[in-house]
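Comments concern the structure below.
Throughout, protein chains are lettered first and strands after them, A, B, ... in sequence-line order, and every chain is numbered starting at 1.
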There are 2 protein chains.
Amino acid sequence: MSEVQLKDALDTLKSTGVRITPQRHAILEYIIHSTSHPTADEIYRALEKAFPNMSVATVYNNLRVFKKAGLVKELTYGDSSSRFDFVTHDHYHMICNDCGKIVDFHYPGLDEVEHLASHVTGFQVDYHRLEIYGTCRDCIGDSAKAQ
Amino acid sequence: MSEVQLKDALDTLKSTGVRITPQRHAILEYIIHSTSHPTADEIYRALEKAFPNMSVATVYNNLRVFKKAGLVKELTYGDSSSRFDFVTHDHYHMICNDCGKIVDFHYPGLDEVEHLASHVTGFQVDYHRLEIYGTCRDCIGDSAKAQ
DNA sequence: TCTTACATTGTAATCGTTATAATTAGTGTA
DNA sequence: TACACTAATTATAACGATTACAATGTAAGA
């Protein structure tokens, strides 16, 4: 089923006149199959074996291309580097403050908040972003053991 | 009333054994009085006249101290540098995609979302973060004029 | 006053990301 | 298939935000 997503994504790119190069294919495939919201560097290192000559710049360039096409979202948190997430249906992120793990979860859109915000601030609302921070099961277990 | 906030913040610091230096006082005061969610560099430049010898490192060091004391929150968005926000009561941010302006707005806590997230992911929830993106009145006006 | 620990300063180093120029490779057309 | 044109990739240099480090300064307690 992620094969379908990949195919759709490639079609979307083609339809906007973007060439499908082997590198692009690989980067996109990696993001779709990954569940870990990788950084640019992680993508780069993961594809090193398959593309020994690929440049980091290629990864960044293509992530920007994918973002512009609406296929990929950039997530910026407190840590130094951005993470990238394949855009599927609306979901939010639950982030572990200990180990940095990011887990997706679904929740009906917060339209009401958007409306209120628009009303109060006079902004024209485009979208919103919500993250929940806490501690994952593994890390709760670890800290219990450590004591 | 922001005088009270400043005094409280200084008390909090003192109680945790942090010395109140003139630089610390000035940085904290600036953040509290500022409505613009400044970057480290903006704080640095704003205090340049009063503290010609102050180092950028001092700004960063103290922002970290304030963060650890829970007085200040670091906001990381897509752009390159972090912004800092004095922690008051719960509020969210409305961000203009054109000019980067950030406006606070209040909304009752999204406890329900936290509960669901905790239930679905098994995380122990600490807090959440919500931002709404759009276009502010000024920028809507500008683009209308430009056409 | 002396001592000790903490703060600040100035600067160098680091790291993620972007810009640039040269080379390579796709794609449409003859 | 060959050609030409444009886009993509590569390698590397540059940039900008942030941090690390060593030296100096300063506050507070014995």
Atom OH of A/Tyr44 and atom C1' of D/dT10 are separated, to the nearest Å, by 10 Å

5'-most contact on DNA chain C (nearest-nucleotide basis), A/Pro22 vs B/Gly17, goes to B/Gly17

Over all strands shown, is B/Ser81 touching base, sugar-phosphate only, or nothing at heavy-atom distances under 4.0 angstrom?
sugar-phosphate

In whole angstroms, the gap separating P of D/dA8 from CZ of A/Arg64 amounts to 12 Å

**Asked** Is the base of C/dG10 touched by the side chain of B/Ser55 through a donor-acceptor pair closer than 3.5 angstrom?
**Response** yes

ask   = So B/Ile20 and B/Leu28, side chain to side chain contact (heavy atoms under 4.5 Å, CB included) or not? Walk me through it.
value = CA-CA 10 Å; B/Ile20 309 303; B/Leu28 204 48; over 6 Å; no

Q. With a 3.5 Å cut-off and just heavy-atom distances, do the side chain of A/Arg19 and the base of C/dT27 make a donor-acceptor pair?
A. no

**Prompt:** Are A/Phe123 and A/Ser118 side-chain neighbours, meaning at least one heavy-atom pair lies under 4.5 Å?
**Reply:** no

Whichever of A/Pro52 and B/Asn61 has the more 5' nearest nucleotide on DNA chain D, that residue is A/Pro52

Original post:
At under 4.0 Å, does any side-chain N or O of A/Thr21 touch on OP1 or OP2 of D/dT9?
Top reply: yes

When rounded to whole Å, the CD to P distance for the pair B/Glu74 and D/dA17 reads 14 Å

Does a side-chain N or O of A/Tyr60 approach OP1 or OP2 of C/dT17 to a distance below 4.0 Å, or not? yes

note: A/Phe66, atom CZ; D/dA8, atom P; distance rounded to Å ~ 11 Å

A/Met54 atom CE is separated from D/dT12 atom C1', nearest whole Å, by 17 Å

Note to self: Between B/Lys68 and B/Thr16, is there a side-chain heavy-atom distance shorter than 4.5 Å?
What the structure shows: no

A/Asn62 CG to C/dT18 P, in whole Å, measures 13 Å

Which of C/dT17, D/dT10, C/dT9 is nearest the side chain of A/Gln23? It is D/dT10

Quiz item: Less than 4.5 Å apart, any side-chain heavy atom of A/Met94 and any of B/Val125?
Solution: yes

To the nearest angstrom, the CG-P distance between B/Leu13 and D/dA27 comes to 17 Å

(request) Step through it carefully: locate the ring centre of B/Tyr92, locate the ring centre of B/His128, and say whether they are under 6.0 Å apart. (result) yes

In whole angstroms, the gap separating P of C/dT9 from CZ of B/Arg24 amounts to 11 Å

